[in-house]
Amino acid sequence: MSLISVTLPDGNVNEYAAGITCSEVIIDVLGKKNGCVAAMVDGHERDMSYQLLDSCMIEGIKAESDAGMYILRHSTAHLLAQAVVELYPNAKPTIGPPVDRGFYYDFAMEPLLESDLKAIHKKMQEIARRNLTLERVELDEAELREHFASNPYKLEIIEDKVGAGSGSTIYRQGDWYDLCLGPHVPSTGKLMFCKLTSVSSAYWRGDQSREQLVRIYGIVEPTKDALKQTLHKMEEAKKRDHRKLGKDLQLFHIDEEVGQGLILWTPRGAIIRQELQNFIGEHLTRQGYSQVFTPHIGKLDLYRTSGHFPYYQDSQYPPLVEKDLMRKLSEEGCSCSELSNLMKTGDIDGYMLKPMNCPHHVKIYASQARSYRNLPIRLAEFGTVYRWEQSGEISGMTRVRGFTQDDAHLFVTEEQIGQEVLGCIELVQIIFEKLGMVDYRVRVGLRDPDSTKYVGDPDRWHKAEQACREAAASLGVEWSEEEGEAAFYGPKIDFVVKDVIGREWQLGTVQVDYNLPERFDLTYKGSDGELHRPVMIHRAPFGSMERFCGVLIEHFAGRFPTWLTPTQCHILTISQKHTDYANHVAAKLKENGIRVEIDDGDDTIGKKIRTHRKLHPAYMIILGDGEAESNTVSLRGRNGDQIADIPLDEFVRDICSEITKKSAKPSLV
RNA sequence: GCCAACGUAGCACAGCUGGUAGUGCGUCGGAUUUGUAAUCCGACGGUCGGGGGUUCGAGUCCCUCCGUUGGCUCCA
């Protein structure tokens with residue numbers, strides 16, 4: 001038998017007889033498997049049982065590594081499928097991939113209930129305990145078809161993915177097997193520590209016109225402890241959910257009688273929003289923006305020119321029609337579809353709730369003759385827009401039907417694009433940094449080189465794309481280029497953050513636009529005395545106040561920094577004879593612009609603390625005889641720490657300074 | 001929009017196979033006047049998401065609409 005040279009991660013080279021398995025090499029080197037579930041051989045993931053026939057480089061893949069977790073999840077998806085088929089013999093497994101935080105498997109079967117998961121989980125554990133070996137088997141096309149003869153979904157995959165004439169592999173565990181390329185863990189015993197998290201539905205191949213499948217989601221970890229930890233984290237994440245905290249902290253309300261996806265900002269939430277808007281406003285002024293105000297509606301004609309109507313009719317609220325016209329049309333027996341057609345053709349006019357602020361801002365630009373000396377012109381507005389999101393998509397504050405963008409439109413010359421894009425993203429960065437949001441990524445959306453859907457000259461596109469790239473690269477955070485993700489009217493930079501349950505949300509965006517200036521025939525006079533076309537940049541560093549606040553609530557878990565928190569000080573009296581002093585302290589704080597709430601009720605101090613801590617004020621101020629006599633306050637912080645008898649003036653000075661500095665955390669206790 | 005589950009007082013929940021609604025917190029009233037995570041007593045509060053049906057009788061079963069949640073699809 002021939003010998004092969006196997007290069008190890010540390011650079012050492014061992015010689016083995018050809019045909020040795022990954023597992024044997026790893027055990028030979030380490031004396032044990034050391035938690036490896038698979039191996040990386042010359043850059044390819046392989047099973048532990050994979051035989052090495054040629055000289056190669058090898059490295060073990062540990063279960064807890066990213067690649068290892070992926071394999072663990074994938075194998076657990078198989079385990080799930082086997083369990084489901086054993087319990088429901090008519091269920092047909094379709095696909096079951098690993099995903100970021102776990103895995104899922106889709107089955108063609110009768111709908112399941114959440115409560116059925118328990119039995120399935122039990123079955124999975126039973127199979128895991130059988131410790132079945134996962135065996136890779138290569139089959140030719142005919143054999144594959146024979147193995148999956150009763151499963152049309154697998155046959156379809158064989159048809160499409162495997163291709164005519166070629167074979168593929170299956171993985172067998174006990175008497176069950178699945179079509180799969182692997183790799184997998186060596187045996188089902190590695191998959192003990194899993195949990196099924198939810199059951200929902202999905203379409204076969206994500207196609208709405210095809211069969212509805214039952215999707216089961218689950219998670220898995222290499223050890224019991226890790227599973228416990230992950231479950232604990234999931235519980236913690238649930239507590240931070242902005243929908244729950246928003247209710248508990250009285251930040252916003254959604255009322256079904258008002259409408260789905262329409263946020264009512266209650267007084268406490270409104271403070272947070274106002275503070276954020278003030279904060280952005282300061283930076284807008286510094287960066288040379290002009291603030292404008294525009295109404296919530298505009299004529300259909302405006303949106304015909306901009307292109308929003310009727311091309312995006314599906315995602316807009318239906319147009320508003322003047323009442324006399326409506327009456328006349330209705331007397332004439334005009335049907336809804338006729339009305340809709342008349343609107344499309346422009347034969348009748350109406351108004352639209354604005355889906356975007358840009359047309360209004362364009363009109364402000366166009367209201368005067370502009371010169372190159374005026375550019376860039378930067379128009380900013382907290383503009384509320386309305387979009388008809390699909391009902392199933394609406395969620396809390398993060399996906400809504402009416403929202404306020406921290407919007408601005410910059411009208412610039414071609415040469416100014418780079419510098420202005422940079423200015424926009426610097427603003428985003430300043431704001432994210434101040435709020436401690438460091439876990440975000442940047443996506444640069446570029447043209448799909450094969451598509452012709454884009455408007456504007458390719459050379460200009462190229463320059464704008466380059467400007468976006470350079471701007472993104474200058475940020476010093478993770479960024480990626482994504483071809484085909486540009487808007488049809490220009491390249492863009494998106495800021496994406498994760499919420500506590502791992503969902504990613506696009507917040508800020510900066511988009512270059514060649515289209516609207518063209519459609520509205522915008523011009524400026526250049527130094528050459530000729531008229532030129534400006535370029536527009538759309539930007540919204542927070543995306544929308546609704547979504548941003550939703551994400552912020554989760555980011556801070558409801559414990560906002562002093563400058564943002566709705567009530568900064570809760571004054572609690574020891575007994576009712578301290579009410580006068582409490583009012584004195586409150587007045588002093590309010591004079592200094594500090595938001596205060598007093599509780600001078602007849603509850604015990606313990607009870608008051610318990611009540612008020614639920615609202616997470618920056619500080620609780622406890623006032624009794626001692627404080628009243630010496631004109632001091634005693635503080636209690638969020639973590640329960642206490643400081644007694646701080647002179648009132650000193651406290652006012654310190655908290656004011658903390659607020660002015662927009663400190664990340666209350667730090668006076 | 002599609003699939004599934006869910007929808008009981010302001011909030012969190014209980015209510016078995018149909019017999020006509022309970023608990024805790026909150027609120028209000030009374031007592032208490034308290035020094036750092038629940039003082040005691042009492043009261044108010046629900047046409048059980050809306051509408052329709054089955055039944056002698058429905059929070060409990062069926063239909064339908066609305067909403068919420070988890071996914072899918074979509075997102076200028």
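No experiment lies behind these values; they were computed from the predicted model shown. Naming: A, B, ... by sequence-line order, numbering from 1 per chain.
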*Please identify each residue that fulfils side chain to side chain contact (heavy atoms under 4.5 Å, CB included) with A:K363, with sequence neighbours left out.*
A:L302, A:F520
*Counting any heavy atom closer than 4.0 Å, what does A:K608 reach on the DNA or RNA strands: base, sugar-phosphate only, or nothing?*
nothing
*Quick one: label A:Y104 by what it contacts on the DNA or RNA (base, sugar-phosphate, nothing), any heavy atom closer than 4.0 Å.*
nothing
*With a 3.5 angstrom cut-off on both distances, give the Watson-Crick or G-U wobble partner of B:rC74, or none if there isn't one.*
none
*Heavy atoms under 4.0 Å, any strand shown: does A:G606 hit a base, just sugar-phosphate, or nothing?*
sugar-phosphate
*Quick one: look up who B:rU55 pairs with, Watson-Crick or G-U, both distances under 3.5 Å, and put none if it's unpaired.*
none
*Please work out if A:I605 contacts a base, only the sugar-phosphate, or nothing of the nucleic acid, heavy-atom cut-off 4.0 Å.*
sugar-phosphate
*Would you say a side-chain N or O of A:Y217 is under 4.0 Å from OP1 or OP2 of B:rC72?*
yes
_Test side chain to side chain donor-acceptor pair (under 3.5 Å) applied to A:H308 - qualifying residues, sequence neighbours left out_ = A:S306
*Report which part of the nucleic acid A:D625 touches: base, sugar-phosphate, or nothing (heavy-atom distance under 4.0 Å, all strands).*
base
*asked:* List the residues meeting side chain to side chain contact (heavy atoms under 4.5 Å, CB included) with A:S480, not counting sequence neighbours, and say none if there are none.
replied: A:R441, A:R443, A:E482
*Could you tell me which residues satisfy side chain to side chain donor-acceptor pair (under 3.5 Å) with A:T573, sequence neighbours excluded, listed by chain and number?*
A:K608
*At under 4.0 Å between heavy atoms, what does A:G307 touch on the DNA or RNA strands: base, sugar-phosphate, or nothing?*
nothing
*Heavy atoms under 4.0 Å, any strand shown: does A:S634 hit a base, just sugar-phosphate, or nothing?*
base
*asked:* Reading RNA chain B from 5' onward, which residue's closest nucleotide shows up sooner: A:S200 or A:L635?
replied: A:L635
*Can you sort out the partners of A:S201 under side chain to side chain donor-acceptor pair (under 3.5 Å), two or more places apart, ordered by chain and number?*
A:Q212
_Please report whether the ring centroid of A:Y105 lies less than 6.0 Å from that of A:F103._
no
_Check A:E236 with A:K233, please: is the shortest side-chain N to carboxylate O separation under 4.0 Å?_
no
*From A:C549 SG over to A:H242 NE2, what is the distance, rounded to the nearest 0.5 angstrom?*
10.0 Å
_Nucleotide of B:rU36, B:rC72, B:rU33 approaching A:R636 most closely (side-chain heavy atoms)_ = B:rU36
*Taking the side chain of A:Q316 as heavy atoms from C-beta outward, which of B:rA76, B:rG1, B:rA37 is closest to it?*
B:rA76
For nucleotides 24-29 of chain B, which of its nitrogen or oxygen atoms have a protein nitrogen or oxygen under 3.5 Å away, and what is each distance?
from: B:rG26; atom 1: OP1; to: A:K607; atom 2: NZ; distance (Å): 2.3

*Tell which nucleotide pairs with B:rC44, taking only Watson-Crick or G-U wobble pairs whose two distances are both under 3.5 angstrom.*
none
*asked:* Return a single string for nucleotides 61-68 of chain B, one symbol per nucleotide in 5' to 3' order, where B is base contact, S is sugar-phosphate-only contact and - is none, cutoff 4.0 angstrom on heavy atoms.
replied: -----SSS
_Presence of donor-acceptor pair under 3.5 Å, side chain of A:S315 and base of B:rA76_ = yes
*Pairwise C1' distance, B:rG52 and B:rC40 [rounded to whole Å]*: 49 Å
*Which residues satisfy the side chain to side chain contact (heavy atoms under 4.5 Å, CB included) test with A:L262, sequence neighbours excluded?*
A:V258, A:Y317, A:R401
*asked:* Can you check the distance between B:rC66 and B:rA31, where both ends of the measurement are the C1' atom (answer in whole Å)?
replied: 47 Å
*Think A:R210 has a side-chain N or O under 4.0 angstrom from the OP1 or OP2 of B:rC2?*
no
*A:R215 side-chain proximity, nearest of B:rG35, B:rU33, B:rC72*: B:rC72
*Report the distance from atom CG of A:L572 to atom CD1 of A:I605, rounding to the nearest 0.5 Å.*
5.0 Å
*asked:* Determine whether a donor-acceptor pair (one donor, one acceptor, N or O, separation below 3.5 Å) exists between the side chain of A:R399 and the base of B:rC75.
replied: yes
*Quick one: which of B:rG35, B:rU33, B:rC74 gets closest to the side chain of A:Q576?*
B:rU33
*Using both distances under 3.5 Å as the test, list the Watson-Crick or G-U wobble partner of B:rA5, or none.*
B:rU68
_Would you measure the distance from the C1' atom in B:rU60 across to the matching atom in B:rG19 and give it in whole Å?_
11 Å
*asked:* So, using ring-ring contact (aromatic ring centres under 6.0 Å, His included) as the criterion, who are the partners of A:F403 when residues are at least two apart?
replied: none
*Just say parallel, tilted or perpendicular for the rings of A:H296 and A:Y386, cut-offs at 30° and 60°.*
tilted
*Nearest-Å distance, CD1 (A:I95) to C1' (B:rG71)?*
13 Å
*Grab the CG-P distance between A:L213 and B:rG70 for me, whole Å please.*
21 Å
_Going by purine N1 to pyrimidine N3 plus the second Watson-Crick contact, or the G-U wobble pair, all under 3.5 Å, which nucleotide sits opposite B:rU33?_
none
*Quick one: label A:M620 by what it contacts on the DNA or RNA (base, sugar-phosphate, nothing), any heavy atom closer than 4.0 Å.*
nothing
*Scan A:E257 against the nucleic acid and name what it touches under 4.0 Å (heavy atoms): base, sugar-phosphate only, or nothing.*
nothing
*Which value, in whole Å, describes the distance between the C1' atoms of nucleotides B:rC72 and B:rG15?*
35 Å
*Can you tell me the distance, in whole Å, between the CD atom of A:Q212 and the P atom of B:rA5?*
12 Å
*Got a donor-acceptor pair under 3.5 Å from the side chain of A:Y203 to the base of B:rC2?*
yes
*Inspect the contact between A:D207 and A:R205 and indicate whether a charged nitrogen and a carboxylate oxygen are less than 4.0 angstrom apart.*
no
_Any donor-acceptor pair, under 3.5 Å, between the side chain of A:S201 and the base of B:rG71, if you only look at N and O atoms?_
yes
*Go ahead and name the base partner of B:rA12; Watson-Crick or wobble counts if both distances stay under 3.5 Å, otherwise write none.*
B:rU23
_Which nucleotide in B:rU34, B:rA76, B:rG70 has an atom nearest any side-chain atom of A:A487_ = B:rA76
*asked:* Students often get this wrong, so: under 4.0 angstrom with heavy atoms, is A:G624 touching a base, only sugar-phosphate, or nothing?
replied: base
_B:rG10 to B:rG50 separation - P atoms, rounded to the nearest Å_ = 13 Å
_Between CD1 on residue A:I95 and CZ on residue A:R215, distance to nearest 0.5 Å_ = 6.5 Å
*B:rU36 P sits how many Å from A:L572 CG, rounded?*
13 Å
*Specify the separation, in whole Å, of atom CD of A:E211 and atom C1' of B:rA4.*
17 Å
*Nearest to the side chain of A:D602, which nucleotide is it out of B:rA76, B:rU36, B:rA31?*
B:rA31
*asked:* What's the gap between B:rU23 and B:rG18 when it is taken at their P atoms, as a whole Å value?
replied: 24 Å
*Between the side-chain atoms of A:E627 and the base atoms of B:rG35, is any donor-acceptor pair under 3.5 Å?*
yes
_Interatomic distance at P, B:rU47 relative to B:rA5, whole Å_ = 28 Å
*Atom P, compared across B:rC16 and B:rC6: separation rounded to whole Å*: 14 Å
